[in-house]
Protein chains: 2
Amino acid sequence: MAQTCIRHAGQPCVVCHVGRRSDWQDFDQTASALLSSGRRRREYGSGELVFAQGEPNDGVHCVSGGTVGIRRLDDNGNSVLLELAYPGDTIGYRSFLTGSEHKTSAEALGPSVVCHIDRATIAALLAGNPALGLRFLKRSIGELEHAHDMMFRQATLSNRHKLVHLLLVLVGRHGRRHSNGSQSIDLPVSRRDLASMIGTRHETISRIIGRLEIDGVAHFSGRQVTIPNVAMLAAEIDCLIQA
Amino acid sequence: MAQTCIRHAGQPCVVCHVGRRSDWQDFDQTASALLSSGRRRREYGSGELVFAQGEPNDGVHCVSGGTVGIRRLDDNGNSVLLELAYPGDTIGYRSFLTGSEHKTSAEALGPSVVCHIDRATIAALLAGNPALGLRFLKRSIGELEHAHDMMFRQATLSNRHKLVHLLLVLVGRHGRRHSNGSQSIDLPVSRRDLASMIGTRHETISRIIGRLEIDGVAHFSGRQVTIPNVAMLAAEIDCLIQA
DNA sequence: GAGCAAAATTGACGATCATCAACGACGCTC
DNA sequence: GAGCGTCGTTGATGATCGTCAATTTTGCTC
């Protein structure tokens with residue numbers, strides 16, 4: 001996962017090589033050189049913080065491998081997992097652009113690889129490559145629409161349907177297809193985080209999982225989830241749309 | 001509210017004159033002339049749509065007067081009010097920048113004035129004024145952080161606390177201060193929309209309002225709300241933060 | 001002002017949830 | 001391996017919520 005693959009200049013972020021999904025591509029030779037010198041690649045263990053809520057911004061990060069959770073905390077110990085970031089995703093760009101401290105924490109949800117680009121380098125890249133700012137804008141808009149979808153689901157779906165939807169999204173990201181048509185996921189998050197993503201308590205998640213087991217639409221074993229028939233699970237939500 | 005106030009070129013959007021809050025300022029003379037020719041100002045009655053979900057984008061709108069609600073609908077008739085836009089706010093820029101159809105509807109929540117800038121004009125302005133793109137980016141980031149706040153509250157606050165928080169926000173926007181220290185609001189939204197913003201049903205909103213009345217922290221009469229002691233209402237939420 | 005449609009309220013009921021508590025499972029450190 | 005803390009599950013209980021339904025109020029049109 002953490003293989004290094006140096007390509008020639010002009011390629012997307014020559015180390016990360018996440019291809020299409022990266023914001024760091026289509027640079028000319030000088031920009032590529034700038035990026036190469038201002039970039040630091042680092043591995044993170046499960047649970048390690050890439051940056052912490054409240055910290056001053058020290059540049060921008062780009063996920064190269066693994067999964068990074070974007071989390072918000074409050075003084076009461078509440079924690080909500082707001083987003084999941086995957087290879088190619090740029091994180092920490094908001095506080096960089098607004099010049100404020102980080103408003104969320106970024107935590108490796110498993111062994112991950114994240115590149116860091118320092119402030120001076122991004123500032124120089126942004127100044128010379130207006131397309132980079134535009135890609136940040138597109139990324140921000142994409143995240144905003146994702147947040148709006150979330151808010152809409154929070155207001156219209158039951159907790160069970162919210163969990164089903166989340167499982168379907170995670171199957172799309174992390175799913176492995178088996179020969180008998182079933183699919184498996186290794187959940188990248190704990191039950192508590194699962195609960196926070198849905199807006200309920202972890203005990204409730206336990207009970208909903210129990211009901212999904214009884215109904216035979218999903219089988220849970222630790223963080224491993226097996227879904228015998230993804231289409232049937234999806235039908236639970238789709239029937240709402242057509243009904 | 002709908003007064004026209006033509007200033008000289010170089011000022012923020014010469015008609016809208018919403019000042020600091022506008023994205024359409026600091027233009028040179030050619031850009032200002034471009035904006036003047038590509039802009040159309042229009043009044044909307046209560047309930048009228050500025051643009052509708054699913055429609056192709058036909059440019060960008062800028063709120064000049066009144067209040068505009070950003071709403072998402074689904075096929076089941078569910079409606080969720082996602083944001084409120086006030087004078088100075090630019091709306092509809094997301095679908096313009098992503099080249100997609102509108103993913104939300106924008107509806108005048110009362111008599112409002114909204115300017116429209118057509119696609120060609122924005123494209124030209126964006127090409128000549130990189131600062132405009134940056135302001136869109138800042139706006140997008142601001143909305144995203146607002147959405148994250150919302151998601152966090154959805155996951156951690158009770159419905160009553162969510163309503164109290166919403167009331168406090170609306171007091172800040174629409175509140176009138178009285179001599180005896182109390183404050184009044186004319187709610188810009190219906191109870192149904194209030195409910196959708198909180199993620200519950202309108203019957204539940206009715207009951208929560210009833211309890212707020214009993215507790216004497218707020219008095220409701222139609223869309224008019226009087227809050228005897230705003231600090232006491234705010235304390236309901238603050239006690240959670242310090243506790 | 002009459003008439004109508006939508007909004008808002010209220011009641012009753014069952015379903016769901018949050019909370020507190022207890023317990024087993026798991027991972028980690030020493 | 002013992003100890004410890006976190007995570008996950010399960011149970012019991014009271015509170016809250018969603019739904020259906022009936023009714024009143026409001027706002028708008030004609």
Side-chain angles (χ1 to χ4, degrees), chain A residues 45-48 69 71 73 76-81 107 109-111 153-164 186-215 218-225 236 240 243, chain B residues 45-48 69 71 76-81 107-111 153-164 186-215 218-225 236 240 243:
Chain A
S46 188
E48 252 188 296
R71 185 190 301 280
L73 307 156
N76 295 27
N78 293 110
S79 159
V80 174
L81 200 51
E107 173 191 336
L109 297 178
R153 284 193 303 271
Q154 286 286 347
T156 57
L157 265 53
S158 70
N159 279 338
R160 170 165 176 153
H161 286 140
K162 284 183 223 170
L163 180 58
V164 167
D186 281 314
L187 293 181
V189 297
S190 68
R191 305 287 150 113
R192 285 181 145 79
D193 282 334
L194 226 47
S196 80
M197 294 172 86
I198 285 175
T200 186
R201 306 283 151 167
H202 59 105
E203 297 99 324
T204 302
I205 287 289
S206 264
R207 292 183 228 273
I208 295 178
I209 286 177
R211 280 177 243 157
L212 291 177
E213 292 253 10
I214 291 173
D215 297 347
H219 178 254
F220 290 75
S221 172
R223 290 199 175 185
Q224 180 135 163
V225 186
E236 272 203 34
L240 290 180
Chain B
S46 187
E48 252 188 296
R71 186 190 298 281
N76 295 25
N78 293 111
S79 158
V80 174
L81 200 52
E107 172 191 337
L109 297 179
R153 285 193 303 270
Q154 287 285 348
T156 55
L157 265 53
S158 69
N159 280 338
R160 169 166 178 151
H161 285 140
K162 284 183 222 169
L163 180 57
V164 167
D186 281 314
L187 293 180
V189 297
S190 68
R191 304 285 151 114
R192 283 184 146 78
D193 281 335
L194 225 48
S196 80
M197 293 173 86
I198 286 174
T200 185
R201 306 283 150 167
H202 59 104
E203 298 98 324
T204 302
I205 287 289
S206 266
R207 291 182 228 274
I208 295 178
I209 286 177
R211 279 177 242 157
L212 292 178
E213 292 254 11
I214 290 173
D215 298 347
H219 178 254
F220 290 75
S221 173
R223 288 198 177 186
Q224 179 135 163
V225 187
E236 272 203 34
L240 290 180

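Just so it is clear, the model here is predicted, and its values are computed rather than measured. Chain letters run A, B, ... following the sequence lines, proteins first, then strands; residues in each count from 1.
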Point to revise | Per-nucleotide protein contact string for nucleotides 13-30 of chain C (B base, S sugar-phosphate only, - none; heavy atom under 4.0 Å) | key: ----SSBB----------
Check nucleotides 27-29 of chain D against the protein and report each pair of N or O atoms closer than 3.5 Å, with its distance, or say if there are none.
none

Below 3.5 Å is the cut-off: list the nitrogen or oxygen pairs between protein and nucleotides 6-8 of chain D, distance only.
unit_1, atom_1, unit_2, atom_2, d
dG8(D), OP1, Arg191(A), N, 3.1
dG8(D), OP2, Arg191(A), N, 3.3
dG8(D), OP2, Arg192(A), N, 3.4

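For the pair Phe220(A) CZ and dT10(D) C1', the interatomic distance rounds to 17 Å; values are reported in whole Å. In this structure, the CD1 atom of Ile205(B) is 15 Å from the P atom of dT16(D), given to the nearest Å. Between the C1' atom of dT16(D) and the CD1 atom of Ile209(B) lies a distance of 17 Å, rounded to the nearest Å.
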Review point. Given the rule in the side-chain contact (heavy atoms from CB on, under 4.5 Å) test, do Val80(A) and Leu73(A) qualify, once you have shown the distances and angles that lead to the verdict?
Key: CA-CA 7 Å; Val80(A) 174; Leu73(A) 307 156; over 6 Å; no
Point to revise | Chi angles and distances behind the side-chain contact (heavy atoms from CB on, under 4.5 Å) call for Glu107(A), Glu48(A) | key: CA-CA 6 Å; Glu107(A) 173 191 336; Glu48(A) 252 188 296; over 6 Å; no
Review point. So Leu163(B) and Asn159(B), side-chain contact (heavy atoms from CB on, under 4.5 Å) or not? Walk me through it.
Key: CA-CA 6 Å; Leu163(B) 180 57; Asn159(B) 280 338; over 6 Å; no
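Every salt bridge (charged side-chain N to carboxylate O under 4.0 Å, His left out) that Arg160(A) has, sequence neighbours left out, goes to Asp215(A), Glu236(A). With sequence neighbours left out, Asn78(A) forms a side chain to side chain contact (heavy atoms under 4.5 Å, CB included) with Asp74(A), Asn76(A), Phe152(B), Thr156(B). For Arg201(B), the side chain to side chain contact (heavy atoms under 4.5 Å, CB included) criterion is met by Glu203(B), Thr204(B), not counting sequence neighbours. For Ser158(B), the side-chain hydrogen bond (donor to acceptor under 3.5 Å, both in side chains) partners are His161(B), not counting sequence neighbours. Every residue two or more places apart in sequence or in another chain was checked for a salt bridge (charged side-chain N to carboxylate O under 4.0 Å, His left out) with Glu213(A), and none qualifies.
A donor-acceptor pair is defined here as one N or O able to donate and one able to accept, closer than 3.5 Å; no such pair exists between the side chain of Gln224(A) and the backbone of Ser221(A).
Distance check, rounded to the nearest 0.5 Å: CD1 of Ile208(A) to CZ of Arg211(A) gives 5.5 Å.
Of all heavy-atom pairs spanning Gly45(B) and Ala108(B), the tightest one is O-CB, 3.5 Å. The shortest heavy-atom contact between Ala218(A) and Val225(A) is CB-CG1, 4.5 Å.
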List the atom pairs, with distances to 0.1 Å, where a side-chain N or O of residues 192-200 of chain A and a protein N or O form a donor-acceptor pair under 3.5 Å, not counting sequence neighbours.
unit_1, atom_1, unit_2, atom_2, d
Arg192(A), NH2, His202(A), NE2, 3.4
Asp193(A), OD1, Arg71(A), NH1, 2.7
Asp193(A), OD2, Arg71(A), NH2, 3.1
Ser196(A), OG, Leu81(A), N, 3.0
Ser196(A), OG, Asp193(A), O, 2.9

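Between the axis at the start and the axis at the end of the helix from dG1(C)-dC30(D) to dC30(C)-dG1(D) there is an angle of 60°, using five pairs per end and rounding to 10 degrees.
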